[in-house]
2 protein chains.
Amino acid sequence: MILEKKKAFNAFAAAKGLRSTRQRDIILDFFLSTRQHVSVEELYLKIKASHPGIGHATVYRTLKLFTEAGLAREILLNDGQTRYEHVSAGEHHDHLVCTGCNAIIEFEDETIEKLQKEIALLHGFMIKSHKLELYGLCAACRANQ
Amino acid sequence: MILEKKKAFNAFAAAKGLRSTRQRDIILDFFLSTRQHVSVEELYLKIKASHPGIGHATVYRTLKLFTEAGLAREILLNDGQTRYEHVSAGEHHDHLVCTGCNAIIEFEDETIEKLQKEIALLHGFMIKSHKLELYGLCAACRANQ
DNA sequence: CATATATTTGAAATTGAAAATCAAGAACAT
DNA sequence: ATGTTCTTGATTTTCAATTTCAAATATATG
Ligand SMILES: [Mn+2]
Ligand SMILES: [Mn+2]
Ligand SMILES: [Zn+2]
Ligand SMILES: [Zn+2]
(Lines give C-alpha, C1' and ligand atoms only; values in the text may rest on other atoms or scores of the structure.)
(Ligands and ions follow the chains in the order given, each with its own letter.)
Protein backbone atom coordinates (compact mmCIF):
# COMPACT_ATOMS: atom_id res chain seq x y z
CA MET A 1 0.00 0.00 0.00
CA ILE A 2 2.80 2.41 0.89
CA LEU A 3 4.77 0.93 -1.97
CA GLU A 4 1.86 1.48 -4.32
CA LYS A 5 1.66 5.12 -3.35
CA LYS A 6 5.36 5.55 -3.89
CA LYS A 7 4.96 4.03 -7.32
CA ALA A 8 2.03 6.30 -8.02
CA PHE A 9 4.09 9.33 -7.10
CA ASN A 10 7.01 8.19 -9.21
CA ALA A 11 4.68 7.74 -12.15
CA PHE A 12 3.26 11.22 -11.61
CA ALA A 13 6.74 12.71 -11.33
CA ALA A 14 7.91 10.94 -14.45
CA ALA A 15 4.86 12.08 -16.42
CA LYS A 16 5.48 15.64 -15.27
CA GLY A 17 9.19 15.54 -15.98
CA LEU A 18 10.06 16.09 -12.33
CA ARG A 19 13.44 14.98 -11.06
CA SER A 20 13.86 12.36 -8.43
CA THR A 21 15.29 13.89 -5.30
CA ARG A 22 16.33 12.65 -1.88
CA GLN A 23 14.12 15.28 -0.23
CA ARG A 24 10.93 14.23 -1.98
CA ASP A 25 11.59 10.59 -1.11
CA ILE A 26 12.09 11.45 2.54
CA ILE A 27 9.02 13.68 2.74
CA LEU A 28 6.91 11.00 1.06
CA ASP A 29 8.16 8.35 3.50
CA PHE A 30 7.30 10.54 6.46
CA PHE A 31 3.93 11.56 5.06
CA LEU A 32 2.94 7.97 4.33
CA SER A 33 3.98 6.78 7.79
CA THR A 34 2.18 9.59 9.59
CA ARG A 35 -1.32 9.42 10.94
CA GLN A 36 -4.08 11.23 9.13
CA HIS A 37 -4.60 15.00 9.13
CA VAL A 38 -1.05 16.11 9.73
CA SER A 39 -0.24 19.81 9.59
CA VAL A 40 2.70 21.04 7.55
CA GLU A 41 4.51 22.24 10.66
CA GLU A 42 3.98 18.91 12.44
CA LEU A 43 5.36 17.00 9.50
CA TYR A 44 8.23 19.45 9.07
CA LEU A 45 9.28 19.08 12.71
CA LYS A 46 9.06 15.30 12.54
CA ILE A 47 11.27 15.23 9.47
CA LYS A 48 13.69 17.80 10.86
CA ALA A 49 14.54 15.56 13.82
CA SER A 50 16.36 13.09 11.58
CA HIS A 51 16.93 15.28 8.50
CA PRO A 52 17.78 18.75 9.76
CA GLY A 53 18.76 19.96 6.33
CA ILE A 54 15.27 19.84 4.87
CA GLY A 55 13.61 23.23 4.73
CA HIS A 56 10.11 24.52 5.30
CA ALA A 57 9.68 25.59 1.72
CA THR A 58 10.44 22.13 0.41
CA VAL A 59 7.90 20.52 2.71
CA TYR A 60 5.24 23.01 1.65
CA ARG A 61 6.07 22.56 -2.02
CA THR A 62 6.21 18.80 -1.83
CA LEU A 63 2.86 18.44 -0.06
CA LYS A 64 1.33 20.50 -2.84
CA LEU A 65 2.88 18.07 -5.30
CA PHE A 66 1.43 15.09 -3.43
CA THR A 67 -1.96 16.77 -3.64
CA GLU A 68 -1.56 17.29 -7.37
CA ALA A 69 -0.49 13.66 -7.69
CA GLY A 70 -3.66 12.53 -5.94
CA LEU A 71 -1.91 11.10 -2.87
CA ALA A 72 -2.93 13.83 -0.46
CA ARG A 73 -5.81 16.13 0.21
CA GLU A 74 -5.60 19.58 1.77
CA ILE A 75 -7.87 20.13 4.75
CA LEU A 76 -8.56 23.68 5.87
CA LEU A 77 -10.24 23.69 9.24
CA ASN A 78 -10.88 26.88 11.18
CA ASP A 79 -7.54 27.20 12.93
CA GLY A 80 -5.40 28.69 10.21
CA GLN A 81 -3.24 25.58 9.82
CA THR A 82 -3.43 23.61 6.60
CA ARG A 83 -3.53 19.90 7.19
CA TYR A 84 -3.00 17.05 4.75
CA GLU A 85 -4.60 13.64 4.77
CA HIS A 86 -4.03 10.50 2.77
CA VAL A 87 -6.18 9.94 -0.28
CA SER A 88 -7.21 6.46 -1.28
CA ALA A 89 -8.59 6.04 -4.77
CA GLY A 90 -12.36 6.21 -4.95
CA GLU A 91 -12.72 6.94 -1.29
CA HIS A 92 -14.32 10.06 0.15
CA HIS A 93 -15.25 11.11 3.64
CA ASP A 94 -16.07 14.16 5.72
CA HIS A 95 -15.08 15.19 9.23
CA LEU A 96 -16.30 15.57 12.76
CA VAL A 97 -13.92 17.99 14.48
CA CYS A 98 -13.68 18.12 18.26
CA THR A 99 -13.12 21.66 19.45
CA GLY A 100 -12.11 20.28 22.85
CA CYS A 101 -9.23 17.93 22.02
CA ASN A 102 -8.79 18.61 18.28
CA ALA A 103 -9.62 15.01 17.42
CA ILE A 104 -10.84 14.46 13.90
CA ILE A 105 -13.29 11.65 13.22
CA GLU A 106 -14.11 10.61 9.68
CA PHE A 107 -17.50 9.65 8.37
CA GLU A 108 -19.21 8.88 5.11
CA ASP A 109 -22.84 9.37 4.27
CA GLU A 110 -24.05 8.36 0.86
CA THR A 111 -27.41 10.04 1.33
CA ILE A 112 -25.82 13.40 2.09
CA GLU A 113 -23.56 13.05 -0.94
CA LYS A 114 -26.57 12.31 -3.12
CA LEU A 115 -28.54 15.25 -1.73
CA GLN A 116 -25.62 17.55 -2.44
CA LYS A 117 -25.66 16.50 -6.06
CA GLU A 118 -29.39 17.18 -6.23
CA ILE A 119 -28.94 20.65 -4.77
CA ALA A 120 -26.23 21.41 -7.31
CA LEU A 121 -28.42 20.20 -10.15
CA LEU A 122 -31.28 22.34 -8.92
CA HIS A 123 -29.08 25.44 -9.13
CA GLY A 124 -27.40 24.56 -12.41
CA PHE A 125 -24.15 24.18 -10.51
CA MET A 126 -21.33 21.84 -11.44
CA ILE A 127 -19.70 20.68 -8.20
CA LYS A 128 -15.95 20.25 -8.23
CA SER A 129 -15.46 19.62 -4.53
CA HIS A 130 -17.20 20.04 -1.26
CA LYS A 131 -16.50 20.49 2.40
CA LEU A 132 -18.62 19.18 5.24
CA GLU A 133 -17.35 19.61 8.76
CA LEU A 134 -19.26 19.10 11.98
CA TYR A 135 -17.71 21.02 14.88
CA GLY A 136 -18.44 20.12 18.47
CA LEU A 137 -17.37 17.99 21.41
CA CYS A 138 -16.42 14.34 21.10
CA ALA A 139 -17.72 11.76 23.57
CA ALA A 140 -14.56 11.93 25.70
CA CYS A 141 -14.61 15.72 25.92
CA ARG A 142 -18.30 15.74 26.78
CA ALA A 143 -17.59 13.39 29.67
CA ASN A 144 -14.90 15.72 31.02
CA GLN A 145 -17.18 18.74 31.17
CA MET B 1 -35.93 45.04 9.78
CA ILE B 2 -32.79 47.19 9.75
CA LEU B 3 -34.25 49.12 12.65
CA GLU B 4 -34.88 45.89 14.55
CA LYS B 5 -31.28 44.84 14.12
CA LYS B 6 -30.07 48.20 15.33
CA LYS B 7 -32.26 47.81 18.37
CA ALA B 8 -30.94 44.30 18.91
CA PHE B 9 -27.38 45.56 18.80
CA ASN B 10 -28.15 48.41 21.17
CA ALA B 11 -29.69 45.93 23.59
CA PHE B 12 -26.64 43.70 23.34
CA ALA B 13 -24.31 46.66 23.88
CA ALA B 14 -26.30 47.88 26.85
CA ALA B 15 -26.32 44.43 28.44
CA LYS B 16 -22.57 44.18 27.96
CA GLY B 17 -21.90 47.67 29.23
CA LEU B 18 -20.49 48.80 25.88
CA ARG B 19 -20.49 52.48 25.02
CA SER B 20 -22.38 53.92 22.13
CA THR B 21 -19.97 55.27 19.56
CA ARG B 22 -20.25 57.02 16.24
CA GLN B 23 -17.98 54.39 14.65
CA ARG B 24 -20.09 51.43 15.68
CA ASP B 25 -23.22 53.14 14.39
CA ILE B 26 -21.59 53.82 11.04
CA ILE B 27 -20.20 50.32 10.67
CA LEU B 28 -23.56 48.81 11.57
CA ASP B 29 -25.33 51.02 9.00
CA PHE B 30 -22.91 49.97 6.30
CA PHE B 31 -23.01 46.31 7.26
CA LEU B 32 -26.81 46.23 7.26
CA SER B 33 -27.04 47.98 3.91
CA THR B 34 -24.45 45.74 2.25
CA ARG B 35 -25.20 42.61 0.32
CA GLN B 36 -24.49 39.27 1.93
CA HIS B 37 -21.04 37.74 2.40
CA VAL B 38 -19.00 40.91 2.57
CA SER B 39 -15.32 40.66 3.40
CA VAL B 40 -13.79 42.88 6.05
CA GLU B 41 -11.64 44.66 3.49
CA GLU B 42 -14.62 45.27 1.17
CA LEU B 43 -16.65 46.76 3.99
CA TYR B 44 -13.70 48.80 5.23
CA LEU B 45 -13.12 50.33 1.79
CA LYS B 46 -16.80 51.11 1.36
CA ILE B 47 -16.90 52.89 4.70
CA LYS B 48 -13.62 54.68 4.14
CA ALA B 49 -15.00 56.45 1.05
CA SER B 50 -17.31 58.59 3.16
CA HIS B 51 -15.66 58.17 6.58
CA PRO B 52 -11.92 58.22 6.02
CA GLY B 53 -11.15 58.40 9.71
CA ILE B 54 -12.38 54.90 10.52
CA GLY B 55 -9.59 52.37 10.88
CA HIS B 56 -9.12 48.76 9.94
CA ALA B 57 -8.88 47.64 13.54
CA THR B 58 -12.24 49.13 14.41
CA VAL B 59 -13.94 47.38 11.51
CA TYR B 60 -12.42 44.03 12.51
CA ARG B 61 -13.35 44.51 16.16
CA THR B 62 -16.86 45.68 15.42
CA LEU B 63 -17.69 42.80 13.09
CA LYS B 64 -16.63 40.44 15.87
CA LEU B 65 -19.01 42.28 18.15
CA PHE B 66 -21.85 41.91 15.65
CA THR B 67 -21.13 38.19 15.55
CA GLU B 68 -21.23 37.98 19.31
CA ALA B 69 -24.47 39.95 19.26
CA GLY B 70 -26.01 37.42 16.86
CA LEU B 71 -26.35 39.87 13.96
CA ALA B 72 -23.56 38.46 11.85
CA ARG B 73 -21.93 35.15 11.06
CA GLU B 74 -18.31 34.62 10.07
CA ILE B 75 -17.78 32.66 6.87
CA LEU B 76 -14.37 31.18 6.17
CA LEU B 77 -14.14 30.00 2.61
CA ASN B 78 -10.93 28.76 1.04
CA ASP B 79 -9.45 32.08 0.00
CA GLY B 80 -8.06 33.33 3.27
CA GLN B 81 -10.54 36.21 3.54
CA THR B 82 -13.04 36.20 6.35
CA ARG B 83 -16.50 37.19 5.22
CA TYR B 84 -19.53 38.17 7.25
CA GLU B 85 -23.15 37.56 6.44
CA HIS B 86 -26.40 38.70 8.03
CA VAL B 87 -28.01 36.40 10.54
CA SER B 88 -31.76 36.22 10.85
CA ALA B 89 -33.11 34.57 13.96
CA GLY B 90 -33.90 30.89 13.53
CA GLU B 91 -32.62 30.81 9.99
CA HIS B 92 -29.78 28.63 8.77
CA HIS B 93 -28.35 27.90 5.35
CA ASP B 94 -25.27 26.56 3.62
CA HIS B 95 -23.42 27.70 0.51
CA LEU B 96 -22.70 26.92 -3.08
CA VAL B 97 -19.49 28.77 -3.99
CA CYS B 98 -18.62 29.47 -7.61
CA THR B 99 -14.89 29.22 -8.18
CA GLY B 100 -15.33 31.01 -11.50
CA CYS B 101 -17.01 34.29 -10.51
CA ASN B 102 -16.95 34.01 -6.69
CA ALA B 103 -20.73 34.07 -6.52
CA ILE B 104 -22.21 32.56 -3.37
CA ILE B 105 -25.61 30.91 -3.55
CA GLU B 106 -27.47 29.94 -0.40
CA PHE B 107 -29.43 26.78 0.15
CA GLU B 108 -31.18 24.92 2.92
CA ASP B 109 -31.74 21.21 3.15
CA GLU B 110 -33.60 19.88 6.14
CA THR B 111 -32.74 16.27 5.30
CA ILE B 112 -29.02 16.99 5.31
CA GLU B 113 -29.34 18.83 8.61
CA LYS B 114 -31.17 15.86 10.10
CA LEU B 115 -28.61 13.37 8.79
CA GLN B 116 -25.82 15.44 10.33
CA LYS B 117 -27.50 15.16 13.71
CA GLU B 118 -27.79 11.42 13.28
CA ILE B 119 -24.12 11.10 12.41
CA ALA B 120 -23.19 13.12 15.48
CA LEU B 121 -25.38 10.96 17.69
CA LEU B 122 -23.82 7.83 16.26
CA HIS B 123 -20.37 9.05 17.29
CA GLY B 124 -21.38 10.44 20.66
CA PHE B 125 -20.61 13.89 19.35
CA MET B 126 -22.32 17.08 20.44
CA ILE B 127 -22.44 19.40 17.43
CA LYS B 128 -21.94 23.09 18.09
CA SER B 129 -21.75 24.25 14.49
CA HIS B 130 -21.19 22.94 11.03
CA LYS B 131 -19.93 24.00 7.67
CA LEU B 132 -21.17 22.72 4.35
CA GLU B 133 -19.84 24.29 1.19
CA LEU B 134 -20.20 23.03 -2.36
CA TYR B 135 -17.48 24.39 -4.64
CA GLY B 136 -17.83 24.43 -8.39
CA LEU B 137 -19.07 26.43 -11.35
CA CYS B 138 -22.38 28.30 -11.40
CA ALA B 139 -24.69 28.09 -14.41
CA ALA B 140 -23.37 31.34 -15.89
CA CYS B 141 -19.74 30.31 -15.58
CA ARG B 142 -20.47 26.90 -17.07
CA ALA B 143 -21.99 28.61 -20.09
CA ASN B 144 -18.88 30.75 -20.60
CA GLN B 145 -16.53 27.78 -20.75
C1' DC C 1 33.50 10.07 -17.23
C1' DA C 2 33.08 15.00 -18.03
C1' DT C 3 30.42 18.69 -18.79
C1' DA C 4 26.44 21.46 -20.02
C1' DT C 5 21.77 22.62 -18.83
C1' DA C 6 17.71 22.63 -16.39
C1' DT C 7 15.57 21.71 -12.03
C1' DT C 8 15.49 21.76 -7.12
C1' DT C 9 16.65 23.23 -2.74
C1' DG C 10 16.69 26.10 1.51
C1' DA C 11 17.90 30.40 3.99
C1' DA C 12 16.05 34.52 3.99
C1' DA C 13 12.88 38.00 2.60
C1' DT C 14 8.18 39.00 1.52
C1' DT C 15 3.29 38.77 1.65
C1' DG C 16 -1.32 39.37 3.47
C1' DA C 17 -4.85 38.79 6.85
C1' DA C 18 -5.69 39.37 11.46
C1' DA C 19 -4.55 40.60 16.19
C1' DA C 20 -2.10 43.25 19.58
C1' DT C 21 -0.27 47.60 21.34
C1' DC C 22 -0.81 51.91 23.33
C1' DA C 23 -1.23 56.96 23.44
C1' DA C 24 -4.78 60.09 22.37
C1' DG C 25 -9.59 60.85 22.18
C1' DA C 26 -14.41 60.09 23.47
C1' DA C 27 -18.31 58.46 26.40
C1' DC C 28 -20.54 58.53 30.63
C1' DA C 29 -21.42 58.59 35.74
C1' DT C 30 -21.18 61.79 39.30
C1' DA D 1 -17.24 70.27 34.76
C1' DT D 2 -14.36 66.47 35.98
C1' DG D 3 -12.42 61.99 36.61
C1' DT D 4 -12.67 57.36 35.24
C1' DT D 5 -13.05 53.97 32.00
C1' DC D 6 -13.72 52.54 27.37
C1' DT D 7 -12.76 53.09 22.51
C1' DT D 8 -10.25 54.30 18.62
C1' DG D 9 -6.78 54.00 14.96
C1' DA D 10 -1.88 54.39 13.45
C1' DT D 11 1.44 51.36 13.94
C1' DT D 12 3.67 47.19 15.11
C1' DT D 13 3.52 42.38 15.55
C1' DT D 14 2.19 37.74 14.44
C1' DC D 15 1.90 33.73 11.81
C1' DA D 16 1.18 30.70 7.93
C1' DA D 17 2.38 30.50 3.47
C1' DT D 18 4.77 31.99 -0.70
C1' DT D 19 8.50 34.00 -3.22
C1' DT D 20 13.26 34.87 -4.21
C1' DC D 21 17.58 33.60 -5.82
C1' DA D 22 22.23 31.76 -5.42
C1' DA D 23 24.07 27.36 -4.62
C1' DA D 24 23.44 22.49 -5.01
C1' DT D 25 21.87 18.63 -7.53
C1' DA D 26 19.82 15.66 -11.18
C1' DT D 27 20.05 14.18 -15.71
C1' DA D 28 20.96 14.32 -20.73
C1' DT D 29 24.55 14.23 -24.03
C1' DG D 30 29.14 13.48 -26.01
MN1 LIG E 1 -10.05 12.65 6.91
MN1 LIG F 1 -25.04 32.89 3.30
ZN1 LIG G 1 -12.53 15.84 22.05
ZN1 LIG H 1 -19.80 31.69 -11.38
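- Protein atom CG of A/Asp25 is 10 Å distant from nucleotide atom P of C/dT9, rounded to whole Å.
- Rounded to whole Å, the distance from CD on B/Gln81 to C1' on C/dA18 is 11 Å.
- Taking 4.0 angstrom as the limit, A/Lys64 places a side-chain polar atom (N or O) nearer than this to OP1 or OP2 of D/dT18.
- Heavy atoms of A/Glu41 sit nowhere under 4.0 angstrom from any nucleic acid atom.
- One cannot find a donor-acceptor pair under 3.5 Å joining the base of C/dA19 and the side-chain atoms of B/Arg61.
- Between B/Tyr44 and B/Arg24, the one whose closest nucleotide on DNA chain D sits nearer the 5' end is B/Arg24.
- Contact annotation for A/Lys16: no contact, since no heavy-atom pair falls under 4.0 Å across all strands.
- Taking atom NE2 on B/His51 and atom P on D/dT8, their separation rounds to 14 Å, with Å as the unit.
- Within 4.0 Å of B/Thr21, counting heavy atoms only, lie sugar-phosphate atoms of the nucleic acid but no base atom.
- Between B/His92 and the choices B/Glu110, B/Glu106, B/Glu108, B/Glu113, the side chain to side chain donor-acceptor pair (under 3.5 Å) rule is met once, by B/Glu113.
- Whole-Å rounding puts the B/Arg19 CZ to D/dT8 P distance at 11 Å.
- When the side-chain nitrogen and oxygen atoms of B/Tyr60 are compared with OP1 and OP2 of C/dA19, none of them lie within a distance under 4.0 Å.
- Here the two rings, on B/His86 and B/Phe31, have centers that are under 6.0 Å apart.
- Checking C/dA11, D/dA10, D/dA16 against the side-chain heavy atoms of A/Ala57 singles out C/dA11 as nearest.
- For the pair B/Arg22 CZ and D/dT7 C1', the interatomic distance rounds to 12 Å; values are reported in whole Å.
- Take the nearest nucleotide of DNA chain C for B/Gln23 and for B/Glu74: the residue whose nucleotide is more 5' is B/Glu74.
- With contacts defined as side-chain heavy-atom distances shorter than 4.5 Å, the pair A/Thr34/A/Tyr84 does not qualify.
- The pair A/Glu42-A/Arg35 counts as a salt bridge, with a side-chain nitrogen and a carboxylate oxygen less than 4.0 angstrom apart.
- Atom CG in A/Leu45 sits about 14 Å away from atom P in D/dC15, given to the nearest Å.
- Counting non-hydrogen atoms under 4.0 angstrom, B/Gly17 reaches nothing in the nucleic acid.
- In this entry the distance linking CG of B/Leu18 with P of D/dT5 reads 17 Å, nearest Å.
- As a whole-Å value, the separation of A/His56 NE2 from D/dA17 C1' is 10 Å.
- Using a cutoff of 4.0 Å between basic side-chain nitrogens and carboxylate oxygens, B/Asp29 and B/Lys6 are scored as salt-bridged.
- Within the structure, every side-chain polar atom (N or O) of A/Thr58 is placed at least 4.0 Å from both OP1 and OP2 of C/dT8.
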